[in-house]
Amino acid sequence: MSGKSGRTSCGKNGGTEMNRRNHLRSLDVTRISGADPNGDHKGNVEGEGSDGVLPHRRLGWLKSLTLSSDLLILGNAADVTVTEEWISICTRSLPQLRIGNAIVSPKPPTLEDVPAWIRNLEQEVGQSAARYGRIVWEGGPAEEDVYRAFKDASFEPYDSLSMKADSLKVRPGATGVPMQAVQSDAEWRELLDFQIRANQVTRSSDRDFLAARLDLYRTESKAGNGAWFTAHADGCVVGCCGIALGNGLARLQGLEVATSHRGNGVGISLVSVASEWALRHGGTRHLVSVVDPDYHARRLFESVGFRPHDLVCGVVPVDSLTSPAVSRRPEPQLPGEEE
């Protein structure tokens with residue numbers, strides 16, 4: 001991503017935008033535009049820090065592996081604004097994409113911060129994206145009175161745990177279930193059909209969201225910044241897993257397994273195939289997965305060698321979890337686990 005000081009952020013125009021620009025100048029702002037014609041959105045990184053995180057040189061204070069690897073998934077689609085006080089991430093093409101529309105702070109909020117941070121989210125990503133966006137911070141959980149204030153404003157906690165591995169432990173995966181990289185137009189359509197079924201999507205708006213999100217993943221994959229893999233049984237896709245590359249990291253994403261094939265190693269096979277591919281491409285030094293701390297996927301990744309790295313705490317609008325396309329769902333289970 002390249003810095004272009006003339007770019008505007010989502011939801012801003014006219015005199016309001018001019019006032020905002022004047023405010024940003026006082027905060028030593030850096031803008032990182034997603035529309036970089038040179039595709040240099042993943043090259044602005046220092047050497048590995050002492051804590052094992054790869055800090056983005058142009059992302060200032062950001063150290064979270066979770067949030068840094070989110071930007072690998074977003075690729076050139078996201079516009080990022082960096083100030084001393086916060087980082088905003090805005091993805092105009094996907095207002096429903098939680099990781100793509102967010103406000104990030106280097107420290108937990110105080111009670112007095114709550115209304116200002118909510119306003120900041122709305123101003124930086126726009127009203128429609130703020131309905132699905134998130135407010136996140138480094139530094140651990142906030143105080144209980146802060147969470148109560150967010151709850152009164154119709155927000156609820158939404159934490160993300162990053163896990164890291166330098167290599168994978170060998171574990172038995174699925175036998176007789178072919179795995180393949182998604183390449184042709186027909187294979188991308190099959191992947192979309194599977195994601196629609198797996199998410200139990202019925203509304204056209206949710207189907208449109210999944211299709212637009214997959215277009216983003218496809219664009220990044222074609223640019224050599226990642227890949228997607230599918231598992232097949234009886235001529236149908238029964239599982240999928242994507243991976244995004246950059247800055248020596250490979251971020252696993254979108255691991256899904258059909259209910260009918262959970263518990264027989266499909267998830268482990270997909271993680272293994274995607275990880276092995278990543279370790280052969282793009283100078284990958286670390287594998288990264290990001291999970292809800294309380295879901296089954298954490299145990300799956302731990303079973304093949306991933307270990308917890310950093311926890312990002314935050315809140316999201318309550319209503320944003322009602323749509324099948326963006327809601328929390330149970331994750332793939334380990335072989336032998338009961339449903």
Side-chain angles (χ1 to χ4, degrees), residues 9-11 23-24 27 29 49 51-53 55-56 59-71 73-74 78 80-91 96-127 129-164 288-295 297-298 307-322 326-329 331:
S9 290
C10 295
H23 174 61
L24 291 178
L27 295 176
V29 66
D51 60 355
V53 178
H56 288 248
L59 292 182
W61 43 261
L62 184 66
K63 292 185 171 56
S64 165
L65 190 58
T66 297
L67 298 169
S68 297
S69 62
D70 281 350
L71 295 177
I73 295 174
L74 296 171
V80 180
T81 298
V82 183
T83 79
E84 295 174 350
E85 298 178 3
W86 44 261
I87 295 172
S88 69
I89 304 167
C90 177
T91 308
Q96 283 180 274
L97 187 61
R98 193 185 311 284
I99 67 170
N101 297 282
I103 293 294
V104 184
S105 170
K107 59 185 180 182
T110 65
L111 185 59
E112 291 73 22
D113 289 327
V114 172
W117 286 24
I118 294 173
R119 285 195 304 271
N120 201 12
L121 176 67
E122 294 173 348
Q123 291 171 357
E124 292 302 315
V125 308
Q127 289 280 352
R131 292 177 51 211
Y132 301 98
R134 61 177 181 170
I135 298 171
V136 293
W137 55 83
E138 299 179 340
E143 298 293 333
E144 286 302 318
D145 60 347
V146 173
Y147 286 112
R148 283 194 295 269
F150 274 120
K151 182 178 179 180
D152 291 342
S154 297
F155 283 76
E156 67 173 289
Y158 197 95
D159 298 340
S160 298
L161 175 70
S162 71
M163 308 183 74
K164 190 177 80 167
V288 180
S289 63
V290 177
V291 300
D292 185 300
D294 300 324
Y295 279 176
R298 173 176 178 173
R307 292 292 176 264
H309 190 277
D310 73 278
L311 179 70
V312 167
C313 298
V315 294
V316 298
V318 173
D319 291 345
S320 70
L321 299 179
T322 60
V326 295
S327 64
R328 250 192 268 230
R329 294 176 299 101
E331 300 288 348

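Within the 4.5 Å cutoff, no side-chain heavy atoms of S88 are placed close to those of V80. Looking at I118 and F150, their side chains come closer than 4.5 Å, going by heavy atoms from C-beta outward. Using a 4.5 Å heavy-atom cutoff, the side chains of T81 and I87 are not in contact. Side-chain atoms of L74 and L97, non-hydrogen and from C-beta on, do get closer than 4.5 Å to each other. Contact check for V291 versus S160: no side-chain heavy atoms found under the 4.5 Å cut-off. Using a 4.5 Å cut-off on side-chain heavy atoms (C-beta onward), E84 and P106 make no contact.
One finds the CZ atom of R98 at 10.0 Å from the OH atom of Y132 (value rounded to the nearest 0.5 Å). Note: L161 CG to L65 CG = 10.0 Å, rounded to the nearest 0.5 Å. The line from CD1 of I103 to CD of E85 is 11.5 Å long, rounded to the nearest 0.5 Å. Distance check, rounded to the nearest 0.5 Å: NE2 of H309 to OG of S69 gives 10.5 Å.
Looking at every heavy atom in both residues, V290 comes nearest to T66 through CG1-CG2, 3.7 Å. The two residues W117 and P108 come nearest to each other via the heavy atoms CH2-C, 4.0 Å. Heavy atoms only, all atoms of each residue included: I89 and V104 are closest at CD1-CG2, 4.3 Å. Of all heavy-atom pairs spanning P317 and F155, the tightest one is N-CD2, 3.6 Å. Contact detail for V125 and A130: the closest heavy-atom pair is CG2-N, 3.6 Å.
Looking only at atom types and distance, the side chain of R131 has no donor-acceptor partner in the side chain of S320 under 3.5 Å away. Donor-acceptor pairing under 3.5 Å is recorded for the side chains of D310 and S162.
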For side chain to side chain contact (heavy atoms under 4.5 Å, CB included), just list the numbers for Y147 and E156, CA-CA rounded to whole Å, side-chain angles, deciding distance to a tenth of an Å, and then say yes or no. CA-CA 8 Å; Y147 286 112; E156 67 173 289; over 6 Å; no
With side chain to side chain contact (heavy atoms under 4.5 Å, CB included) as the criterion, how do D159 and V312 come out once you've worked through the C-alpha distance, each side chain's angles and the decisive distance to 0.1 Å? CA-CA 6 Å; D159 298 340; V312 167; over 6 Å; no
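Taking S154 as the reference, nothing meets the side chain to side chain donor-acceptor pair (under 3.5 Å) condition, with sequence neighbours excluded. Residues passing the side chain to side chain donor-acceptor pair (under 3.5 Å) test with D113, sequence neighbours excluded: T110.
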In a table with atom names and distances, give each donor-acceptor pair under 3.5 Å that connects a side chain of residues 134-146 to protein atoms at least two apart or in another chain.
from: R134; atom 1: NH2; to: D70; atom 2: OD2; distance (Å): 2.4
from: W137; atom 1: NE1; to: G140; atom 2: O; distance (Å): 2.8
from: E138; atom 1: OE2; to: K63; atom 2: N; distance (Å): 2.8
from: E138; atom 1: OE2; to: S64; atom 2: N; distance (Å): 2.9

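The backbone N or O of T83 lies less than 3.5 Å from a partner atom in the side chain of W61, making a donor-acceptor pair.
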